[in-house]
Amino acid sequence: MTIYPSFNLKKISEYYFSKKNKELKFLEKKGNKIINLGIGNPDLFPPLGVIKTMKKASENENANKYQEYLGIPNLRKKFSEWYYKNYKIDLNPENEILPLMGSKEGILYTSMAYLNKNDYVLIPNPGYPTYTSISKLIGGKIIYYSLIEKNKWLPNLFEINKFNLNKVKIFWINYPHMPTGAKINIEELEKIVFFSRKNNILLVHDNPYSFILNDNPISIFNIKKSKDVSLELNTLSKSYNMAGWRIGMIAGKKNILENIIKIQSQVHSGMYFPLQKGAIEAMKFNNNWFFSQNKEYYKRRNIIWEICDLLKISYSKNSAGLFVWGKLNKKNDILWTNKILYKYKIFITPGSIFGSNGKGYVRLSLCCKKKFLKTAKKRIIKNY
Ligand SMILES: Cc1ncc(COP(=O)(O)O)c(C=O)c1O
């Protein structure tokens, strides 16, 4: 007997890192010590006090119960205060914030809430692969908009305007941009909001890297009237090194968010109580915390730049986020990264997994301790 999976499933394949990790594990089993500059999985600790708070909360007599769908009120209140403190934005904790198990979950719910079969979605190329796979799973159609180095990896609205925008429902943007590290300023963001309003498209800003090596954190809601047309995803994964615990949020105007809540309330039954308490504790930490975390990332990035110099990779020094994005002097980034993996036992992500405009580029993660980065550098110098 054969039970066939859905047609939509055929449109996607296993996540690149899920597949690649199996290969890395296999190589490690054979005794190779791989230095992994692939995934953006923060190895630094969350702020002091978070784990203690979570441990204590796990003994709460209600910790084992289903939790509130919308998150505990104090968590929503804290997200609201955090937005005000860091972006000077007012969000009503009662109806403009929905805590989630990470932003990835928000990408799914937003797509499910707003896409009909054959609706179109504007997705950055290069960009986070999940926008594409989820849109396809729901039966949406993709229009990739080109991000190129010459245009500072910013959307070219003149070019986007040439597409038939009548059936476009969602426009995904993400700044500081992953994988390129490009930043956006208020004027550019304003133009994108204006464009989305004019074309009646839901603009979703995925904002996980605001506080990583970025002097000027921006929210989509810093733009006037943006709430009428946009949503924003945010997360504690990178800002507070809580990626594995899975906590983030989506924010937006009540009437837009309500449609997402409909789906979320069918899918989950609240988040683990200690995690919510831990998130509240983490968000008490702001400027000093980001400053000390970035101090470490600056040092790591310097070593990664040295690695890039050795490998003849060119890069921009004006970038933000958790990665260095570099250009090879060759076109085949997949072949090149495999060669580096087998020669130096260093794993670097090929740029083309983020879209065709990533071809010839590579992404190196800052989530690797300095001592391993120094070993990577030595391996390259010694030709291993
Ligand atoms: C652009 C982008 N969006 C979303 C995510 C997922 O974040 P979360 O851990 O909050 O699901 C990532 C994670 O790497 C990312 O790079």
Side-chain angles (χ1 to χ4, degrees), residues 15-18 20-21 36-44 46 71 75 79 82 97-111 121-135 144-145 147 153 155 170-184 203-214 217-220 231-251 260 264 267-268 271-272 275-276 278-279 282-283 297 319-325 349 351 353-355 357-358 363-368:
Y15 198 49
Y16 171 80
F17 288 107
S18 161
K20 198 71 188 176
N21 280 346
N36 194 335
L37 306 183
I39 203 161
N41 189 1
D43 58 299
L44 298 171
L75 176 60
F79 268 124
W82 189 74
I97 291 171
L98 175 66
L100 293 172
M101 295 182 205
S103 7
K104 221 172 180 180
E105 199 188 16
I107 299 170
L108 175 68
Y109 297 158
T110 306
S111 307
V121 188
L122 287 168
I123 290 179
N125 170 14
Y128 187 47
T130 302
Y131 311 137
T132 295
S133 41
I134 287 184
S135 305
Y144 287 111
Y145 65 89
L147 302 181
W153 307 104
I170 299 180
F171 184 177
W172 286 102
I173 58 166
N174 150 236
Y175 289 96
H177 179 246
M178 197 293 299
T180 66
K183 304 180 215 177
I184 198 162
L203 177 66
V204 193
H205 185 218
D206 185 15
N207 196 5
Y209 299 105
S210 277
F211 303 107
I212 313 290
L213 303 183
N214 186 24
I218 296 179
S219 158
I220 192 78
L231 289 168
E232 181 158 275
L233 292 165
N234 218 315
T235 174
L236 275 63
S237 289
K238 325 283 172 173
S239 304
Y240 295 104
N241 306 322
M242 289 170 65
W245 287 331
R246 313 300 304 132
I247 191 149
M249 54 92 85
I250 188 161
I260 291 168
Q264 183 258 12
V267 179
H268 76 81
M271 279 182 284
Y272 186 47
L275 174 56
Q276 300 193 56
M283 282 187 281
Y297 284 141
S319 70
L322 217 41
F323 307 96
V324 170
W325 177 248
T349 308
I353 71 152
F354 303 104
N357 284 348
R363 192 194 77 171
L364 298 93
S365 167
L366 305 184
C367 300
C368 179

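Order of appearance sets the numbers: ligands from 1, and atoms from 1 within every ligand.
- Side-chain N/O atoms of Ser133 and Tyr15 include no donor and acceptor closer than 3.5 Å.
- Under the 3.5 Å distance criterion, with hydrogens and angles disregarded, a donor-acceptor pair is assigned to the side chains of Asp206 and Tyr131.
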**OP:** For ring pair (Phe, Tyr, Trp, His ring centres under 6.0 Å), just list the numbers for Trp153 and Phe354, CA-CA rounded to whole Å, side-chain angles, deciding distance to a tenth of an Å, and then say yes or no.
**Re:** CA-CA 13 Å; Trp153 307 104; Phe354 303 104; over 10 Å; no

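- With Arg363 contributing its side chain and Gly38 its backbone, the two residues share a donor-acceptor pair below 3.5 Å.
- Taking the six-membered ring where the residue is Trp, Tyr175 and His177 present tilted rings, their angle falling between 30° and 60°.
- Listed here is the closest heavy atom pair of Thr110 and Ile170: O-CD1, 4.0 Å.
- Ligand 1 lies under 4.0 Å from heavy atoms of Gly102, Ser103, Lys104, Tyr128, Tyr131, Asn174, Met178, Asp206, Pro208, Tyr209, Thr235, Ser237, Lys238, Arg246.
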